[in-house]
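One structure below.
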Amino acid sequence: MPKPIKKSRKINFYYLKHEFYGKALVTFFGLFLILLTLLLVVFIASKGFSTFTKDHVSPLQFLFSTLWKPDRDLQSGGPVVGALIFIIGSILISVIALIISTPFSIGTAVFMTEISPRLGKKLLQPAIEIFVGIPSVVYGWVGLSVLVPFIHRVFGGLGFSLLAGGIVLAVMIFPTITSVAADALRALPGDYKEASYALGSTRWQTIRKVLVPSALPGILTGVVLGLARAFGEALAVQMVIGNSIRIPGSLLDSTVNLTSIITMDMGNTVNGTVWNNSLWSMALLLLVISFLFIVLIHKIGSKGRVQR
Amino acid sequence: MKIKSQSADKAATIVFYIIAGIVVLLLAVFVGYLLYQGRDRLNLHFIFSAPVFGKEGGGIGPQLFNSLYMVFLSMLITLPIGLSAGIYLAEYAKPSKVTNIIRFCIEALSSLPSIVIGLFGLLIFVNLTGWKYTLMGGALTVSVLNLPVITRISEDALRNVSPSIKEASLALGATHWQTILKVLVPSAIPGLVTGVILTTGRVFGEAAALLYTAGMSSPVLHFSNLNPLSHGSPLNPFRPAETLAVYIWQVNSEGLAPDARKIADGASAILIIAVFLFNIVARIIGRSLNAKFTGKSSRK
């Protein structure tokens, strides 16, 4: 019976072909992610470097000068683009957000995993998911219409301030830190806790001396992710920070950060001018910092593994 | 000494309860405030009518439509690519340098500030293509934002499928690819759907990536004209398309209407309601799909 054999061979070949095409297709899209990332880096970098290559601004001056006069005419010395004010603004506002958010996040994570997992699952988990889902412009809008007037009334000043930005960001990064920290606490082996209880420690002692220290790498990962989110957030901050180009003297002063100046000026500067190019350089800076955060997270992660 | 540590324990427990209480209370006040402020705008006129320039009483119809249409288009682009990449990572990728690089890229892409992705979109989908600000450009930019998320969701959903199902399929003589298409992907649907709906909710509220890709204006839309190629048709993807989230930002920063405050309140309330809907729908669908799929496998 040669016929059926021949037929089955044909079918085999058919399926092999599909197997090959299928694998090729999904492999292509897997590699496409690398291509996309490279493309993104190359395009942003090629625009971002033009400040330094075409306009001959020195990178050191760009990073460390507070002089921001992108529209100064040639008689008075031509445009100067020092981005230090924006960089300081970004750092300050992210750090303030972290200082406010971290205690709440770790507290909530401990509550969800150790104090009351039932309430954690029924009440806090959904609450965190909704916090994540709330669009950033809505956070910005509530900040603008509630928080800014509140700060103005209670503490004085304009209301538009570093503090307002920090609080808005703190709420926005809270779910990030909390869920990563809760995962880290959940992933701890049960014998840590049992050993600590068996030695007679109370729950608080166990949390403080055993659980949080052993979950520290995971918690730090959450903090860095939160920091990364705070650093890159644009519109919510822009709406409440006041956008005055100066280094803030106090928490109640208005200031500006990298994302805000990009958001505001990108639309009304002419492509190819020093002003416009320097905005692209700031975007490149944001990209580099965001990559550095990822590297930092990997460092923390591998350190955590070695310890265990 | 013992009593001291016990009272410290009690005090700590109370503090943890207070922290959790503050978090829940904050959310309740936040959402309650938005719904309360936006209450008189939660009517059909506001939802469906177009904004009026310089006058009170404008609606958000076109912006809401643009948001929905953009979500739809971007999912159409992201889903096939993200699912494929997820299949590759879950089924074919061996632990190697290339796989590590792909994972690093996914992480890097998903942690990039959305404004940077928006600027990338401005370079590629606005300037390079010469389209200017278009809904399509916005949808493609948002796709870049979503792709890493969808890829990760797909990979996780596929990995969570019980290995015995896969082994059974292979043992019956199915090829690897057949197993993926006919067994793994269908079994992963509950996890996929939940993740995809939640991502959709996030696209709905995205603004920073869209400012300079989909633009901050919406041409007059004629909802009777449904030809996607004609100018002024709402379905035409190659027109500027301001979304709802962008509108909230713009109406505040540019003062287009005397009742900007009211518009922002109403639009925020609608965005919040949309977020809740996406969350609830994701939960319900996820649960029912899960019940359906596990029910089926237990009957066999």
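Naming convention: chains lettered A, B, ... in sequence-line order (proteins, then strands); numbering from 1 in each chain.
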**Fill in**
Ranking Pro126(A), Ser201(A), Pro135(A), Gly120(A) by heavy-atom pairs under 4.5 Å to chain B gives rank one to Pro135(A)
**Prompt:** Taking every heavy-atom pair that is under 4.5 Å apart, which of Ala108(B), Ala245(B), Ala208(B), Ala264(B) has the most such pairs with chain A?
**Reply:** Ala264(B)
**Request:** Could you tell me the separation between the CD1 atom of Ile102(B) and the CG atom of Leu33(A), rounded to the nearest 0.5 Å?
**Result:** 7.0 Å
**Request:** Sort out for me which of Ser84(B), Ala93(B), Pro113(B), Ser114(B) touches chain A most, counting heavy-atom pairs under 4.5 Å.
**Result:** Ser84(B)
**Item:** Nearest atoms (heavy-atom pairs only) where Phe29(A) meets Ala85(B)
**Value:** O-CB, 3.8 Å
**Request:** State, yes or no, whether a side-chain contact exists between Glu129(A) and Asn279(B) at a heavy-atom distance under 4.5 Å.
**Result:** yes
**Message:** Give me the atom names and distance for the closest heavy-atom approach of Ile19(B) to Pro103(A).
**Reply:** CD1-O, 4.4 Å
**Item:** Tyr197(A) atom OH: more than 12 heavy-atom contacts under 6.0 Å
**Value:** yes
**Prompt:** Can we call the ring centroids of Phe111(A) and Tyr17(B) under 6.0 Å apart?
**Reply:** yes
**Request:** Identify the two heavy atoms, one from Ser145(A) and one from Tyr33(B), that lie closest to each other, and give their separation to 0.1 Å.
**Result:** OG-OH, 3.9 Å
**Item:** Which portion of Arg283(B) sits near chain A, non-hydrogen atoms under 4.5 angstrom
**Value:** side chain
**Item:** Shortest non-hydrogen contact between Val275(B) and Gly133(A), atoms and distance
**Value:** CG2-O, 3.3 Å
**N/O donor-acceptor pair under 3.5 Å between Tyr212(B) side chain and Thr263(A) backbone** = yes
**Item:** Working for side chain to side chain contact (heavy atoms under 4.5 Å, CB included), residues Phe291(A) and Leu112(B)
**Value:** CA-CA 8 Å; Phe291(A) 277 38; Leu112(B) 273 182; 4.0 Å; yes
**Item:** Side-chain (Asp9(B)) to main-chain (Thr202(A)) donor-acceptor, under 3.5 angstrom
**Value:** no
**Request:** First locate atom CD1 of Ile117(B), then atom CG of Leu40(A), and finally report the distance between them rounded to the nearest 0.5 Å.
**Result:** 6.0 Å
**Request:** Check whether any side-chain heavy atom of Phe131(A) sits under 4.5 Å from a side-chain heavy atom of Leu26(B), and report yes or no.
**Result:** yes
**Prompt:** Do other residues, nucleotides or ligands put more than 12 heavy atoms under 6.0 Å from the CZ atom of Phe293(A)?
**Reply:** yes
**Which of Leu39(A), Leu38(A), Thr178(A), Asn271(A) touches chain B most, by non-hydrogen pairs under 4.5 Å** = Leu39(A)
**Prompt:** By number, which residues in residues 140-151 of chain B have some heavy atom less than 4.5 Å away from chain A?
**Reply:** Val144(B), Leu147(B), Thr151(B)
**Asked** Can you list the residues that meet the side chain to side chain contact (heavy atoms under 4.5 Å, CB included) rule with Ile106(A), with sequence neighbours excluded?
**Response** Thr102(A), Val110(A), Ile219(A)
**Prompt:** So which bits of residues 276-287 of chain A come within less than 4.5 Å of chain B, counting non-hydrogen atoms only?
**Reply:** Trp280(A), Ala283(A), Leu286(A), Leu287(A)
**Message:** Between His18(A) and Gln178(B), do the side chains contain a donor N or O and an acceptor N or O under 3.5 Å apart?
**Reply:** no
**Request:** Using non-hydrogen atoms and a 4.5 Å limit, figure out which bit of Leu109(B) sits close to chain A: side chain, backbone, both or neither.
**Result:** side chain
**Message:** Between Phe43(A) and chain B, with a heavy-atom cut-off of 4.5 Å, which part of the residue counts as in contact: side chain, backbone, both or neither?
**Reply:** both
**Asked** In terms of heavy-atom pairs under 4.5 Å, which option from Thr259(A), Ile289(A), Ile262(A) contacts chain B the most?
**Response** Ile262(A)
Side-chain donor-acceptor pairs of residues 223-242 of chain A under 3.5 Å, sequence neighbours excluded:
residue   : atom : partner   : partner atom : Å
Arg229(A) : NH1  : Met172(A) : O            : 2.8
Glu233(A) : OE2  : Ser136(A) : OG           : 3.4
Glu233(A) : OE2  : Leu235(A) : N            : 3.3
Glu233(A) : OE2  : Ala236(A) : N            : 3.3
Gln238(A) : OE1  : Trp249(B) : NE1          : 2.8

**Message:** Rounded at 0.5 Å granularity, tell me how far OG1 in Thr99(B) sits from CG in Leu31(A).
**Reply:** 9.0 Å
**Fill in**
Pair count under 4.5 Å, heavy atoms only, with chain B: among Leu123(A), Val132(A), Ile134(A), Leu144(A), highest is Ile134(A)
**Complete:** The interface call for Leu119(A) against chain B, heavy-atom contacts under 4.5 Å, is side chain
**Complete:** Under 4.5 Å to a heavy atom of chain B? For Ile207(A) that would be side chain
**Complete:** Cut-off 4.5 Å, heavy atoms of chain A, and the answer for Val98(B) is both
**Asked** For Leu27(B), is it the side chain, the backbone, both or neither that has a heavy atom under 4.5 Å from a heavy atom of chain A?
**Response** both
**Asked** What part of Leu128(B) is in contact with chain A, defined as an atom under 4.5 angstrom from a non-hydrogen atom: side chain, backbone, both or neither?
**Response** side chain
**Request:** Please round to the nearest 0.5 Å and tell me the distance separating atom CD of Glu19(A) and atom OG1 of Thr175(B).
**Result:** 4.5 Å
**Message:** Let's go through Arg261(B) and Trp141(A) carefully: what are the C-alpha distance in whole Å and the side-chain angles of both, what is the deciding distance for side chain to side chain contact (heavy atoms under 4.5 Å, CB included) to 0.1 Å, and is it a yes or a no?
**Reply:** CA-CA 9 Å; Arg261(B) 228 196 130 93; Trp141(A) 168 237; 3.6 Å; yes
**Message:** Would you say the rings of Phe30(B) and Tyr139(A) are close, in the sense that their centroids are separated by under 6.0 Å?
**Reply:** yes
**Asked** What do the steps show when you test Trp177(B) against Tyr21(A) for side chain to side chain contact (heavy atoms under 4.5 Å, CB included), and what is the final call?
**Response** CA-CA 9 Å; Trp177(B) 183 245; Tyr21(A) 285 147; over 6 Å; no
**Side chain, backbone, both or neither of Ile124(B) within contact of chain A (heavy atoms, under 4.5 Å)** = side chain
**Prompt:** Checking Leu181(B) against chain A: side chain, backbone, both or neither under 4.5 Å from a heavy atom?
**Reply:** neither
**Fill in**
Rounded to the nearest 0.5 Å, the CD1 atom of Ile297(A) sits from the CD atom of Glu107(B) at a distance of 6.5 Å
**Request:** With side chain to side chain contact (heavy atoms under 4.5 Å, CB included) as the test, would you mind laying out the steps for Ile130(A) and Phe276(B) before giving the verdict?
**Result:** CA-CA 7 Å; Ile130(A) 290 169; Phe276(B) 267 95; 3.4 Å; yes
**Message:** Minimum heavy-atom separation for Cys105(B) and Thr37(A), please, with both atom names.
**Reply:** CB-OG1, 3.2 Å
**Separation between CD1 of Ile34(A) and CZ of Phe104(B), rounded to the nearest 0.5 Å** = 11.5 Å
**Asked** Under a 4.5 Å heavy-atom cut-off, does chain A meet the side chain of Leu122(B), its backbone, both or neither?
**Response** side chain
**Prompt:** Can you name the nearest heavy-atom pair linking Ile294(A) to Ser111(B), along with the distance?
**Reply:** CD1-OG, 3.3 Å
